[in-house]
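Reviewing the structure listed below.
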Number of protein chains: 2
Amino acid sequence: MADKLEPEQLRTYFALMESVSLLQHEVERHLRSEGDLSYVQFQLLARLAGAQRKLTMTELADGVVLSRSGLTHQAFLLGQAGLVERTADPDDHRSTLVEITEAGLSKFAAVLPGHVQVAKDLLFDQLTQDDVKSLGDMMTRVRDHMRARPPRSAATRKRRTPKALEN
Amino acid sequence: MADKLEPEQLRTYFALMESVSLLQHEVERHLRSEGDLSYVQFQLLARLAGAQRKLTMTELADGVVLSRSGLTHQAFLLGQAGLVERTADPDDHRSTLVEITEAGLSKFAAVLPGHVQVAKDLLFDQLTQDDVKSLGDMMTRVRDHMRARPPRSAATRKRRTPKALEN
DNA sequence: TATTGTTATACTCTATAACTATA
DNA sequence: TATAGTTATAGAGTATAACAATA
């Protein structure tokens, strides 16, 4: 459990990180020029568009791995642009609920095809259908594993003694 | 060539981006706390450690997809920390050659195991040996494809008419 | 007493444009 | 005239800590 990575793993790791880094740069360039959005902002819209309910600030912050204050800032910017709306939570008055607006959905729908085209040109054109399937399976597994840990918002709070570190 | 992504591709794309994003955050946290390095700085050291020769500033900037001025800044910081050294290129006096120092190599060697351990815990523990192999093959293919494009340093210069876009 | 979210603030990162020096 | 690199500068992004309101 504490040994080195095999050379094969090291090769894979660096290829993965480098590929995604390059892809991210291109995607960011596209989003900025096409929709005047940062990647984080796109991610926030994507999450809100996909969610079937309003999300709290903390949920949203954890979703994109951002500090709560960082999210406050981004939510302000998105609100200013008319893409999201923040309202008080009627059930828990401490919470703020975030909802994507019609304009936000339009914006998201407007940039998604081009975004997806970038991913297609850079990533999927190099992959077979089987590759895509197995890559999706792998990354879903990996993501779920990573998500099964204390979220970021818990770290900046006073840490309560975790019962089990790995659960 | 200009159609939509299949749902399977969309699922794969988001799982990939989210996984790597989570991984990057953890890796950055480790590097910062363990070695007082940013991820970019780690990447620079990794490139220099792996290169069998000194690299020019432009080569290094392209390698990590950073503007030339951005690299100047990072190279200054790394130089200040004694991890790299910049010297004039005797062959082309316009160029600056960057070399990793002994201290830089030590630092890199010091953080690599922990870095790799993070990758192991978050990524590789979820993958079979076959997964790793095929992920590596995919990402190598993807990276090489992405690298076969005009580098970032060319974009901020006056664009010369490219003879062949893909070469 | 713990949690949600915001504010104030400071810092890091990165890029654009202007500039110098060299080819 | 084009390229390598640096500088000056400005903008965006993020986090920490302190705070207010609510549970």
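The sequence lines fix the lettering, A, B, ..., with proteins before strands; numbering per chain opens at 1. Just so it is clear, the structure is predicted and the values come from calculations on it, not from any experiment.
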Check your understanding: Starting at CG of A:L60 and ending at P of C:dT6, how long is that distance when rounded to a whole Å?
Key -> 11 Å
Point to revise | Any side-chain donor near an acceptor of the partner, A:D137 and A:S134, under 3.5 Å | key: no
Check your understanding: In whole angstroms, how far is the P atom of C:dA15 from the CE atom of B:M57?
Key -> 13 Å
Exercise for review: List in numerical order all residues of residues 69-99 of chain B for which some heavy atom is under 4.0 Å away from an atom belonging to DNA chain D.
Suggested key: B:S69, B:T72, B:R86, B:R94, B:S95, B:T96
Exercise for review: Go through residues 28-53 of chain A and report each residue with a non-hydrogen atom lying under 4.0 Å from DNA chain D, sorted by number.
Suggested key: A:R32, A:S38, A:V40
Review point. Does any non-hydrogen side-chain atom of A:E99 lie less than 4.5 Å from one of A:T87?
Key: no
Review point. Is the closest side-chain heavy-atom distance between B:R141 and A:D131 below 4.5 Å?
Key: yes
Practice item. Decide, yes or no, whether a salt bridge links B:E18 with A:R47 under the criterion of side-chain N to carboxylate O below 4.0 Å. Key: yes
Practice item. Report the distance from atom CG of B:L66 to atom P of C:dA15, rounded to the nearest whole Å. Key: 5 Å
Review point. Going by heavy atoms in the side chains, are B:Q129 and A:E8 under 4.5 Å from each other?
Key: no
Review point. How close or far is atom P of D:dG5 from atom CG of B:D62, stated in whole angstroms?
Key: 10 Å
Point to revise | For atom CZ of A:R68 and atom C1' of C:dT7, their distance in whole Å | key: 12 Å
Review point. Hey, does A:L71 have a side-chain heavy atom less than 4.5 Å from the side chain of A:L44?
Key: yes
Exercise for review: Mind jotting down which residue pairs meet the ring-ring contact (aromatic ring centres under 6.0 Å, His included) criterion with at least one end in residues 70-123 of chain B? Sequence neighbours excluded, please.
Suggested key: A:Y13-B:H115, B:F42-B:F108, B:F42-B:H115
Point to revise | Minimal non-hydrogen separation, A:V84 against A:T101, with atom names | key: C-CG2, 3.7 Å
